[in-house]
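Note sheet for the following structure.
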Amino acid sequence: MVPVSYYLVLSGVLFGLGVIAFIFKRNIITIFMAIELMLNAVNLAFVAFARAWNQLDGLVFVFFVIVVAAAEAAVGLAIVIVISNNRRSLNVEDVNLLKF
Amino acid sequence: MFILHHLWIILLLPLAGAALNGVLGAKWPKAAVNAIGIGSVSLSFLCVLELIREFVHLGASQVPYFQKYFNWISAGRFNVDFALQVDQLTIVMLLVVTFVSLLVHIYSSGYMAHEGGYARFFSFMNLFVFFMLTLVLSTNLILMFVGWEGVGLCSYLLIGFWFLKDSAADAGKKAFITTRIGDFGFTVGILLAFWAFNSVDFGTIFQQVANRPAESAAGFGTLTTICLLLFAGAVGKSAQIPLYVWLPDAMEGPTPVSALIHAATMVTAGVYMVARMHPLFSRAPLAMFFVAAVGAATAFYSATIGVLQTDIKKVLAYSTVSQLGYMFLGCGVGAYAAGIFHLMTHAFFKGLLFLAAGSVIHAIGGEQDMRKMGGLRKKIPVTYWTMLLATLAIAGIPGFAGFFSKDEILEAARGGPHANVWLWLLGLVGAGITSFYMFRLIFLTFFGKPRYDEKTVHVHESPRNMTVPLMILAFFSVVGGWLAAPHLIGGTDYFEAFLHPVFASYGLPAAVSQQESLAGAASEAAGIAHSPGMELLHSVTGWPVIVAVLGLLLAWWFYIRKPGAAKRAKESLGGLYRLVWNKYYVDEIYGALIIRPLLWISTNVLWHGVDETLIDGAVNGTARVAREAGGQLREIQSGNARTYATWVVVGAVGFSILLFALWMVR
Amino acid sequence: MPAGNHLLTVVTFLPMLGVLAILFLKSTDHVWIRRIALAASAAEFIISLFLLRGFNSADPGFQLQELHDWIGRGIRYHLGIDGISLFLVILTTFLTPLAILCSWESIRKNVKGFFISLLVIETAMIGVFVSLDLFLFFVFWELTLIPMYFIVGVWGHDRRIYAAIKFILYTMFGSILMLVAILWLYNLSPGTRGMAPTFDFPEILARLGAGLIPLSGTTELLLFAAFFLAFAIKVPVFPLHTWLPDAHTEAPTAGSVILAGVMLKLGTYGILRFCVPLFPHAVLRAAPIIGTLAIIGIVYGALVATVQHDLKRLVAYTSVSHLGFVVLGIFALNAISIQGAVYQMLNHGVSTGALFLVVGMLYDRRHTHEIKQFGGLATPMPVLMAFFCFIALSSLALPPLNGFIGEFLILIGTFGTHHTWAVWATSGAVLSAIYLLWAYQRVAFGKITVEKNQKLPDASLREKLILATLAAVIIFMGVASPLFTHRMAASAGNVLRPFNQMQNAMRAKANHHAALAAVTARARHPEPARRGGRSEAATHGSLFVPASVSMLSPSAGLNP
Amino acid sequence: MTLPVILFFICGAFAVAGAILLILARAPIHSALALILVMVSLAILYLLLGAEFIAAVQIIVYAGAIMVLFVFVIMLLNAGVENRTNWSKMAKYAGLPLGIFLLLEIAHWVWRSSVGARMANGGASQAAFSTRALSMQLFQQYLFPFEATSILILIAILGALVLAKRSE
Amino acid sequence: MMPASQIANLHRVAPEIVLCAVGILVMLLDPFVGAAKQRVLGWIAFAGTLLALAAIHVAAHDAGPAYSNLVFADGFSLFVHVIVIGAAALAILGSINYLDQEGIQRGEYYALILFATAGMGILGGANELVTAFIGLEMSSISTYILAGFRKRALKSNEASLKYFILGSFATAFFLYGIAMVYGATGSTEISRIQAVLSGLPHLPDLAVLGLGLIFVGLGFKVVVAPFQIYAPDVYEGAPTPVTALLASAPKAATFALMLRIFFVAFGSASSLWFWAIWVSAVLTMFVGNLAALVQSNVKRMLAYSSIAHAGYIMVAFIASTDLGIAAVLFYLAAYALMKMGAFLVITHLGQQGEQRLNIKDYGGLGMRQPVLAACFSLFLLSLLGLPATAGFLGKFFAFQAALDSRVIWLVVIAAINSVIGAYYYLRVIIAMYFWEPSTDYSPTAVAPALTVALTVAAIGTLYLGIFPARVLVLA
């Protein structure tokens, strides 16, 4: 007997960890991973709710989210490549030409 | 009845003259300028004569005679018409003004012959005549104020006529501003009068006061307040204490100007105003006393200053101030007629004195310092004789014009309705001093050894167009007073009788009767039986005469008999001498107490302090604060993506907290 | 209502035709640009005179109205004039050609832009005077800013940028709050009956008058404050005046003429048109403070003017002083003083405009405003200096010139309601003599101190023409004032209607006895009456009874 | 303590552990592996929730395709260990507390949410979601977004092409 | 499904279809068009936008819900479509020469713009959160790429990167919010959500959480504080035409979605989000205006000003009445026009490699290029809110709406802010007219395409400013 809330709490925790990861990783690639982590948390929540409401819609959303995640990953990594071509560093903190 | 219906002609003529000369005159030959300048004035003089002819035919009921031309100001209840009026008082003033100014104009055509800006001079003079006549003819306070300010303007322009001289320009400015200070009171007086009587027309106002009792001498009733405020204007215009300071400086102007404006006419406007407003003044004893007191004080005070002046015109200036004091004394003690009488005679002899002085100055090439004159008696006889007559007149030697008018005033001061023995004393002593410094002037100028360099300066009598006016005026300085002569032998004073209707109407019943029995009262006060002979004897041996003669003798002693005496007196008096010599330091005191502080405060406190530091400081300060804040805010934009992410989280947390807080509150 | 004629629209937008015409010219074709500008403004002036013909001075309400739907949401294109705006419009159309004439030669840089700005600003200012729709009013109101901003900023002198930005931010700050107030008023306008909300001024006024719009004391005060602030900055009322000297000193001559001649009047006009009729209670509550400020302005402006070294700055400060009179006249709330105020607006427009023209002519010759640089100018240029003197005299309110009439009406009226105010104000009149004559003396009299001044050319024909026109107007307005006052009387009274209503209400409450009525008036009245009462008691102890009634009622002038 | 509960806790523990590892690991590649761990354990949870299809997609697309892409890029750019610069004071000091607060907040609200009380496993109607029904849903109800995603993928391709292509 | 309704569906999403189709077309043509001729693609894309505008009419004639209520083609969404597509059209016109000058003339660019626009269209019409999410991603991802289109420019890369990571970060929040709402209501369809929520006695906690997170996501897109933080950098770094697009179109689309979510879905909870909006509006205005005061780079200054304007829009938003909605829409339209115009002017003045962006470079422009300067001044004055321009009426209606729902102090704050704002706009005008011309560069003629764009923008600004009635009716 696992209540939905278990899953929700888990997804919440994962989401929070994702946020923390986002803030604390310097390497751009890992930052993307953090985003992926957050999206996973979202998926978990969706599935759990789908179960709670006994609807398929939730699952459909998960499906969309995964697609979007894939697309984002593709573009994001392309950007990363451009960046690392132009400036030999993947540390996000080095990227600060634009400020003030 | 032509002129009566078309009073405006009298005004228009000089105005037209002024306009013509002012706009076009510069390009015209002197002859044309003279023609217009003098012509216009003489024409209006003729008009006045014609007016008099018509006037005498008017029935008593038709006086004062009104003539309304157009509505000048109108807003709500406040309505001012451009309307003129004629009554006996007006007639007298008209006569004096036009007559004297005609003579002065003629005189000027000689005196100014060699000056630049000839046309300008005449245009200003004509303008002055216009405003002076407006002042005299006006039927309401506002129109009077127009003339009042207008003559002030002309005096400003004419004093500063030689504007290249800074002293002249300063004097002009000083004159205008000082009188303006007085006009402050005058204006407020008008305001008060309007709200008290809902009108500014003399007629309407007088109607309303007619059936009012006199106010108590103790408190500041409405009438008293109004009168005092109006009188403030008079003090400025007629150079009384404490605002007399501009008049001596005004001597910077050309001599004819001094004669016309600063002796004969403008400065007497104050007196005229007080006389004109007599219904109010008569009901404001306190104000009356104030007028009298100021008059007497000035009469005495400036006479003392006159004693030590060395500039011939300055002497005359102070004597003018002093004589004006007498006029106010007269009005102040209720003897309006006497005041006006003195105004008229003074116009003659003081005008003459100035013109003569001008002729002297003209004769010895612009020198004004009496210490550099002397012994001119032979060289310029006409000037000498005319001036001597005038001096006798002003000194109050019996038989001459000044004697009659001044005598009446002093009598009134002693025995009149508002008599006050102390003021009388002041006036009396003042009279003595007057005759002293006037004869001092004569002796220093015309007697003794020449003190000027006879090689460089060759003295010459003035041309005809200057001497003729002198003679005419001299004649009137002698006979001008005889109108009142019969009175001396208990007969009627024709001048006073002529003006009587003016001052009787609206007068306090009591006051009127006193007016009539004035002479009697005076003689009773003197405690002498009524018989023509005795009357005459008494009058010609009265106190005024005595002090006058004393003054004469003293002057003779000092400047003819023992020329060194003056110097000795100077040493012995020391401090007092210096005080008087420096005109009691009044100018200096004004400068130190009022002008300089005011300028200092305006500059440092108001302008730099409030304006620039405080207000602008605040304005620019806010701007700076905004930019500072901007500078701080942009710092957040550190360019570091992690920072940005953190901010996003801050937002997320913040708003979710906010939302849940509100949610739980519900 | 909206008469068939579109005279007002024509008058308002005619200059824009000129602008269009100029736009098509090459920017190098200075001659024709000038000519067209002058022609347009002159035609404008002539047409504006037709307003006088169409105007019925007996009718206190708005005339020659035009009303068209525009944006909707209660925003309409509504024009109309009354006795107050009538002459201000004419003043505008009168001064603009002069401004154009005076910048005939002095403007060399970007001539096209300059004259376009002048014409645009003319339209905007007229628009302010004629628009009866609060929205429309605000639009024109803001539109006046930008051209003036350019005139000061582009063709101004050394510190022009600072001055321009200061001018525009100062003014915008005020006006934006007024916008909020306008919207707020709009939201209140449906009133109790739930009528359609509107920006239409007469409509709102009517509803307020009929008591359909309930205004709480605070709301009214806030609204009043917002409106007043905007106008006060424009006028400028005492503590808000510091933009003015800078703007004037830096502006080119034409700019100063327009600024002093008309733009400052926008403020006083606004107060008279909107603040006073819309928020009577608030006005009564605020009157003591504002009156005091006005008086401070009068004296303060005069004193500071006295000690200026810069001729133009001096004249600028005189404006502070003179407009202090206007504000005083308005807040004395008395038919006489209000007519005086309107009249004074016109006078100030003419006289101060003329003063600035003279200063500008001096500047054209010597390229400085420093008084030290002048001195003894009467010798090389007698004519110009004569005009200067004459204008100065009119500005110091010498009777029988125009300045006197306005000032005196204000004083008379003010004295009726507040003795002390009038007395203080009168002192301002004295000071004006001091600063003007002193300045004049330093410029014109004495020997020539600066070599360059030795042989300056006297007024050219063009300049003589300009100044002569102004001089003529000065005399005319001084002698023939009823021609003006009769046309404004009704409208001026109209402004005070709400106050009469209040007063009558109070009359009704109290019993007939005048003195008692007065007493209750004091009791019921908000601040000003009481203050007035006290001050008067203070100044003249046992002051006359009969006048005291009129003294208390804020609209004494109205009921003879 | 039934099987699902135990299973949940095990997988949950793994997922959280993986997430934490992702944060702690210094070399990107380790983080990647940690993330894969998370995803796999989530996939199991999906199975547990009866969403077989999603679980499969999770393994294939996510753990498979996307993560492979990541690993590939990491290798391509041979991203070394990240040097933990701390130029962002904001992140350094405020980051952790904020993150944890957010975590707890979300956890707290979802925990006490009414919906959460429902049974996810072993309750009523525990039939697994049928993939067929899912596809029907997808292609009828959600046709439009589905088409949109195709454009989205097109964009992604285009973007990758534009950016990653060696600029001539 | 019945073909009839199928056709109706197609009608109602006609604009999107057109955009995507043209986009794909451009994309396909790209390889076949020689590098020299690439600009042709630009014109094709422009034609596509015009076609899309026409397609809006199609949609308008057959308005209604489409695809089982996922998207709406109601007046509201159509208005947004007009704004978005119009903005896109102008941006394309602005780009054509820019790309030449930067030597990055590429078909993909236009394709991406079109796709982005389509995404925004979906965003504007979406009636279902996940659909909205897809639309959002479509627009976002393509704009991420566009932002980095000047690959060799470090700033461009950086902009792209920051925009991307932070964007997807925010998106994650948005998504999680959707999840929560779904959890709370069992649906993601806005009308259903509304039904459920208004049925409940009070808002379920999950919904509150969801609301908060959604606000984060959307706030990020519409650039309100404190989520504005990325905007200045991105706007400055991105190629100017893209910046123009970024600053105007997505904001409009996202605001549209925000209106639907807040007014419709959470209409019952307005008392909740009222204060959230209030606070962020105040923050946004102050941050935007104050920070803009101290900028010397005009492009960045305009970026900050667009933040400030988001604040003003929030003021209208907060009214939460029909008046407010109309005000928001009007403001969006006006804002799109003037902002677009301003940025396009900069596009031209920036010159090769976007070097001349500092205010110093604008010295004396009024003399050098009077017409251009006049246009720029017009846009700036409109942004400043001067009467007779669109910007003024935008503010006016915004304030009016807010006051109408008695939000006085916010309006006062906004008013004060608009005065602060006046300063920096005027500063540019000062530079252009009051300074002596800077002689170190040669003014280049304005290209025809840009001329068209500027003219349209300018005329539109004036038209909206003087005769807004028609537009208002639509709004």
Side-chain angles (χ1 to χ4, degrees), chain A residues 4 8 11-12 15-16 18-19 22-23 28 31-32 34-50 52-55 57-58 60-65 67-69 71-87 92 94-100, chain E residues 128-131 133-134 136-138 140-142 144-145 147-148 151-169 171-189 206 209 213 230 232-238 291 294-295 297 300:
Chain A
V4 173
L8 293 182
S11 91
F15 189 83
V19 171
F22 187 98
I23 294 177
I28 302 172
I31 289 175
F32 289 159
I35 296 171
E36 298 297 340
L37 181 55
M38 291 161 80
L39 292 180
N40 275 286
V42 174
N43 289 351
L44 182 57
F46 266 128
V47 177
F49 283 129
W53 294 100
N54 256 318
Q55 289 175 343
D57 313 48
V60 180
F61 302 155
V62 175
F63 181 78
F64 285 131
V65 173
V67 175
V68 170
E72 273 191 349
V75 174
L77 290 169
I79 293 175
V80 171
I81 289 168
V82 178
I83 291 278
S84 67
N85 283 345
N86 288 344
R87 50 167 81 222
V92 75
D94 294 338
V95 187
N96 58 358
L97 239 59
L98 300 161
K99 60 176 75 166
F100 306 137
Chain E
E128 195 272 343
L129 293 177
V130 172
T131 319
F133 170 67
I134 303 291
L136 189 67
E137 280 302 315
M138 275 173 75
S140 310
I141 293 179
S142 25
Y144 300 154
I145 303 161
K151 278 189 306 185
R152 268 155 297 165
L154 286 179
K155 285 191 169 183
S156 184
N157 309 147
E158 179 171 346
S160 161
L161 177 73
K162 282 179 175 168
Y163 193 23
F164 177 78
I165 55 176
L166 292 166
S168 31
F169 188 53
T171 319
F173 279 90
F174 178 56
L175 209 48
Y176 206 78
I178 295 180
M180 291 302 131
V181 174
Y182 174 59
T185 61
S187 163
T188 55
E189 190 183 317
L206 283 182
L209 187 55
L213 295 172
Y230 74 99
D233 294 2
V234 174
Y235 287 9
E236 183 187 348
V294 288
Q295 298 303 326
N297 175 324
R300 195 170 175 83

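Throughout, protein chains are lettered first and strands after them, A, B, ... in sequence-line order, and every chain is numbered starting at 1.
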>> Out of E:K155, E:R300, E:M180, E:E137, return the one with the most heavy atom pairs under 4.5 angstrom to chain A.
In response: E:R300
> Of all of E:G148, E:G186, E:A172, which one pairs up most often with chain A through heavy atoms under 4.5 Å apart?
Replying inline: E:G186
With a 4.5 angstrom heavy-atom cut-off, which part of [X] approaches chain A: side chain, backbone, both or neither?
X      : answer
E:E189 : neither
E:T131 : neither
E:L129 : neither
E:T188 : side chain
E:F133 : side chain
E:I134 : side chain
E:A291 : neither
E:I145 : side chain

What part of [X] lies closer than 4.5 angstrom to a heavy atom of chain E: side chain, backbone, both or neither?
X     : value
A:A50 : both
A:F22 : side chain
A:V67 : neither

So which atom in [X] and which in [Y] form the shortest heavy-atom distance, rounded to 0.1 Å?
X      : Y      : value
E:G237 : A:L98  : CA-CD1, 4.0 Å
A:I35  : E:F169 : CD1-N, 4.4 Å
A:V42  : E:A179 : CG1-CB, 4.5 Å
E:Y182 : A:W53  : O-NE1, 3.3 Å

> Does the A:N86 side chain pair with the main chain of E:K151, one donor and one acceptor, at a distance under 3.5 Å?
Replying inline: yes
> Are any side-chain N or O atoms of E:E158 and backbone N or O atoms of A:L97, one a donor and one an acceptor, separated by less than 3.5 Å?
Replying inline: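 Here the side-chain-to-backbone pair exists.
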> Measuring from E:N157:CG to A:I83:CD1, what's the distance to the nearest 0.5 Å?
Replying inline: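 Going from the CG atom of E:N157 to the CD1 atom of A:I83 covers 4.5 Å.
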> Using a cut-off of under 4.5 Å for heavy-atom pairs, which of A:F64, A:F49, A:F46 has the most such pairs with chain E?
Replying inline: A:F49
> Which one, A:G58, A:A69, A:A71, leads in non-hydrogen pairs under 4.5 Å with chain E?
Replying inline: A:G58
> Taking only residues two or more places apart in sequence or in another chain, which ones pass salt bridge (charged side-chain N to carboxylate O under 4.0 Å, His left out) with A:E72?
Replying inline: none
> Residues in side-chain hydrogen bond (donor to acceptor under 3.5 Å, both in side chains) with E:S168, at least two apart?
Replying inline: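 By the side-chain hydrogen bond (donor to acceptor under 3.5 Å, both in side chains) rule, E:S168 matches no residue at all.
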> Do A:V19 and E:Y176 have side chains that get closer than 4.5 Å, going by heavy atoms?
Replying inline: no
